[in-house]
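Model, not experiment: these values are computed from the prediction.
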Amino acid sequence: MQIRTALSLTATTLAAALLLSGCVSGEGGVTDKAAEPDATEVAAEGWSADTLTLDFATYNPLSLVIKDQGWLEATLGDDVTVNWVQSAGSNKANEALRAGAVDVGSTAGSAALLARSNGSPIVAIDIYSQPEWAAIVVPQGSDITSVADLKGKSVAATKGTDPYFFLLQALEEAGVGLDEVEVQNLQHADGKAALESGAVAAWSGLDPLMAASEATAGSTLVYRNIDFNTYGFLNATETFLEKSPDLAQLVVDAYEKARAWAQENPDEVVAILAEVAGIDPAVAKTVITERTNLGVDPAPGDAQRKVLEIVGPIFVESGDVASQQAIDDALAKLLDDTYVTKADPANVTG
């Protein structure tokens with residue numbers, strides 16, 4: 001069997017050769033799952049599209065495992081071409097989802113809620129991790145020892161991502177107004193570089209870049225709070241879910257296979273992350289073993305809703321979302337646990 005894997009940044013046109021049941025957005029299920037056959041039955045009849053485009057990201061270890069192991073390619077064979085697109089951050093994944101450049105993309109929960117609140121028709125179909133991937137970082141030798149010390153200082157953060165919303169929550173908790181700091185909107189890697197060069201006083205960082213900065217530049221995490229991290233969301237476009245629920249189910253099946261594999265093979269996950277991210281294995285080990293919970297319940301539901309209900313009003317206060325009603329409407333449609341409920345890793349070859 002010939003495996004075909006392509007790298008693409010262009011939007012994918014999906015051929016709906018197999019239309020399964022109707023699609024209704026919202027909590028409790030986007031698709032009538034009871035009517036869907038499993039992957040084996042679908043493969044016998046033909047898949048619903050001839051391409052599947054999804055992202056991989058260093059902040060999503062399960063995506064790296066699936067790509068490395070080639071399970072989707074092996075399962076789909078020559079019938080469906082699998083396209084992998086790297087996401088540099090949640091904001092970039094959201095841009096790709098909105099443009100139709102990927103069918104499935106990985107973001108932080110906060111970024112998914114922000115996108116949905118601002119009109120991007122995405123649905124969270126799996127929770128890939130509960131990470132502690134964001135924190136407030138200062139350079140070696142800094143006299144900043146708390147969030148309160150950020151008042152009047154410049155801070156790098158990537159807007160539209162969990163580190164940015166981590167910063168907003170941390171400032172609010174410390175009683176520092178957003179207008180009392182200078183936020184430099186830099187992509188994560190550029191924020192790290194700005195911190196290490198002294199161009200900014202602090203950085204709201206993202207792993208594995210954050211762990212690498214600690215190891216190689218002596219940077220220090222001055223504020224950590226896992227409760228301000230909003231889970232890892234695997235999101236799909238509504239168009240993809242409507243036209244290709246069979247492929248969406250296969251992706252979730254692969255994620256659940258990867259979750260079990262990663263927990264059984266942590267050293268291999270560390271090696272994969274180190275290679276893709278270009279970091280020392282010791283740094284990758286810190287990220288995987290100390291700051292990433294892959295054993296989280298994968299079904300999007302109450303745990304994520306509770307976190308996002310706290311973050312949502314901050315979006316409105318900061319001007320990132322127009323109204324609380326937009327937040328409430330997005331929350332009502334964002335979370336769908338039906339793919340996880342039906343997930344069967346045995347459907348995935350390898």
Side-chain angles (χ1 to χ4, degrees), residues 3-15 47-76 78-109 111-112 114-116 120-129 131 133 158-162 187-190 206-209 232-244 246-255 257-258 269 272-273 275-279 339 348:
I3 296 175
R4 297 183 296 165
T5 305
L7 293 174
S8 172
L9 289 175
T10 60
T12 302
T13 301
L14 299 176
W47 296 97
S48 59
D50 58 11
T51 59
L52 170 62
T53 306
L54 62 166
D55 79 345
F56 68 101
T58 56
Y59 55 84
N60 178 357
L62 297 186
S63 71
L64 305 184
V65 169
I66 295 168
K67 184 175 185 292
D68 180 78
Q69 295 296 301
W71 294 327
L72 289 173
E73 292 87 344
T75 303
L76 294 168
D78 291 333
D79 296 329
V80 180
T81 298
V82 179
N83 301 316
W84 289 99
V85 177
Q86 184 165 12
S87 291
S90 292
N91 60 324
K92 296 301 182 182
N94 272 329
E95 288 173 10
L97 283 162
R98 187 154 196 160
V102 298
D103 304 313
V104 182
S106 38
T107 73
L114 176 68
R116 182 86 208 197
S120 182
I122 60 171
V123 178
I125 58 175
D126 189 277
I127 302 301
Y128 58 82
S129 71
W133 54 20
T158 308
K159 289 189 175 182
T161 71
D162 232 26
Q187 197 62 45
H188 301 300
D190 296 329
L206 179 74
D207 271 334
L209 293 168
F233 277 40
L234 187 70
N235 309 305
T237 63
E238 286 187 346
T239 298
F240 175 64
L241 295 176
E242 289 167 2
K243 294 183 176 180
S244 295
D246 55 334
L247 292 175
Q249 185 62 63
L250 183 65
V251 170
V252 174
D253 291 345
Y255 263 81
K257 183 180 181 73
V269 179
I272 293 170
L273 174 60
E275 180 179 0
V276 176
I279 57 178
Y339 290 89
V348 182

Can you see which heavy atom on A189 is nearest to which on L209, and at what distance?
N-CD1, 3.5 Å
Do N94 side-chain atoms and A111 backbone N/O form a donor-acceptor pair below 3.5 Å?
yes
Below 4.5 Å, heavy atoms only, C-beta onward: do T53 and W84 meet side chain to side chain?
no
Given side chains that start at C-beta, do those of Y59 and D207 come closer than 4.5 Å, heavy atoms only?
no
Main-chain N/O of A108 paired to D162 side chain as donor or acceptor, under 3.5 Å:
no
Positive for side-chain contact (heavy atoms from CB on, under 4.5 Å) with N91, one of L114, T107, T161:
T161
Any side-chain heavy atom of I127 within less than 4.5 Å of one from F233?
yes
Show your working on side-chain contact (heavy atoms from CB on, under 4.5 Å) between L250 and V348 and close with a plain yes or no.
CA-CA 7 Å; L250 183 65; V348 182; 4.1 Å; yes
Are the side chain of S63 and the backbone N or O of N60 linked by a donor-acceptor pair below 3.5 Å?
yes
Any chance you could measure L206, atom CG, to H188, atom NE2, to the nearest 0.5 Å?
4.5 Å
With a 4.5 Å heavy-atom cut-off, do L241 and V123 have their side chains touching?
yes
Does any N or O in the side chain of Q249 come within less than 3.5 Å of the main-chain N or O of Y339, such that one atom is a donor and the other an acceptor?
yes
Of L54, L97, N83, N235, which is the lone residue that meets side-chain contact (heavy atoms from CB on, under 4.5 Å) with V102?
L97
Is there a side-chain contact between Q86 and K92, using heavy atoms and a 4.5 Å cut-off?
no
What's the shortest heavy-atom distance between G232 and P131, and which atoms?
N-CD, 3.9 Å
Could you point out which residue of I66, L72, L247, T51 forms a side-chain contact (heavy atoms from CB on, under 4.5 Å) with V82?
L72
Backbone of I122 reached by a side-chain donor or acceptor of T237 within 3.5 Å:
no
Tell me whether R116 is salt-bridged to E238, with the criterion being a basic N under 4.0 Å from an acidic carboxylate O.
yes
On a heavy-atom basis, the closest approach of P208 and T58 is CD-OG1, 3.6 Å
To the nearest 0.5 angstrom, please state how far the NZ atom of K67 sits from the CD atom of E73.
8.0 Å
I would like to know whether L52 and W47 meet side-chain contact (heavy atoms from CB on, under 4.5 Å); could you show each step before the answer?
CA-CA 10 Å; L52 170 62; W47 296 97; over 6 Å; no
